[in-house]
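The structure under discussion appears below in the form of structure tokens.
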Amino acid sequence: MIELVSPAEMRAWSRARRADGARIGFVPTMGALHDGHLQLVDRARAAADTVVMSIFVNPLQFGPTEDLDRYPRDLARDRALARDHAVDCLFVPAAVDMYPPGAVVRVTPGALAAHLCGPHRPGHFEGVLTVVAKLLHIVEPDVAVFGRKDAQQARLIARMAADLDFPVDVLIGATVREADGLALSSRNAYLSADHRRQAGAIPAALADAHTRFLGGERDAAALCAALRRRLEQAGLVVEYVEAVDPDRLEPVATVAGDTLVAVAAQVGTTRLIDNIILGDGLAADLPAH
Ligand code: PAF
């Protein structure tokens, strides 16, 4: 595994690989790697010949009161995991190279950030899209893979690639879950043992929504209200529970066709998100009961 820090060297490496005929797969991360990231690497490798992973804790996507300073960072551990998982190139740029003094232009998300996390994290998706746009320009991959746990992010990135003509295929990898269904997240590292137990209410509530859906419930407000109640009963502070169209990310009144049901909730001081798609497919992504 080669490790690169300079954007110019990263681009040169990718171009040399492509000149050799290789398809390049890319998995952007903020480090604190877990099995979810490693499965995205598998997905990238299945679609490409060589896999680049980036690790960059992007300051632009954290609000002033969010967890930028305490976000888990362990490059030595991440490097070993990436190497063991046969990542070909690890790109670890410095903040000053990603945002040199004077850099002011940003990519804005538009209407796709009007619901779900958008209103609760002002500027977050602008930060995500800006860094992902830069990373895509630097790495120049054929395929880039993002996790479905961050459903709104994944949708926005796919939309950005389409709307701004990025020559890349955006793939979405399934959410990877613990035995009790909790979605893997770097932020799970913040949870105390008690909070970790409490967090199990999120996949349980989503599974309950799925059961209600299978039982014939199609009223989005009723499904969301039951889900919210279940989370609140478990002591979580709910930020939102919403049922939206998975493409336009606009609220729906009735669950007809695929519907993204997404939640954000605080467990102690940790904010967690998760979602399911109710409807025709994607049962593999459902939390365990
Ligand atoms: O999902 C993440 O880890 C980040 O938001 C991403 C896509 C790497 C951009 O910083």
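Numbering of ligands and ligand atoms starts at 1, following listing order. All values below come from the heavy atoms of this structure, side chains included, with hydrogens, waters and symmetry mates left out.
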As a quick check of understanding, evaluate ring-ring contact (aromatic ring centres under 6.0 Å, His included) for Phe166 and His137, giving each step before the final call. CA-CA 9 Å; Phe166 282 70; His137 285 313; 4.9 Å; yes

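Exactly one residue among Val238, Leu236, Asp208, Leu206 makes a side-chain contact (heavy atoms from CB on, under 4.5 Å) with Arg230. That residue is Asp208.
Among the atoms of Asn58, none of the N or O lies under 3.5 angstrom from an N or O of ligand 1.
At the shortest separation from atom 1 (O) of ligand 1 among protein heavy atoms lies Gln153 NE2, 2.8 Å. Here the protein heavy atom with the shortest distance to atom 10 (O) of ligand 1 is Gln61 OE1, 2.6 Å.
Residue contact check: Val131 has heavy atoms under 4.0 Å from atoms 9 (C), 10 (O) of ligand 1.
Cation-pi check for Arg17 over Trp13 is met; the charged atom lies under 6.0 angstrom from the ring centroid and within 45 degrees of its normal.
Ring centers of Phe56 and Phe91: at least 6.0 Å apart, outside the cut-off.
Smallest separation of non-hydrogen atoms from Ala113 and Gln152: CA-NE2, 3.6 Å.
Only the backbone of Thr29 comes within contact range of ligand 1, with a heavy atom under 4.0 Å; no side-chain atom does.
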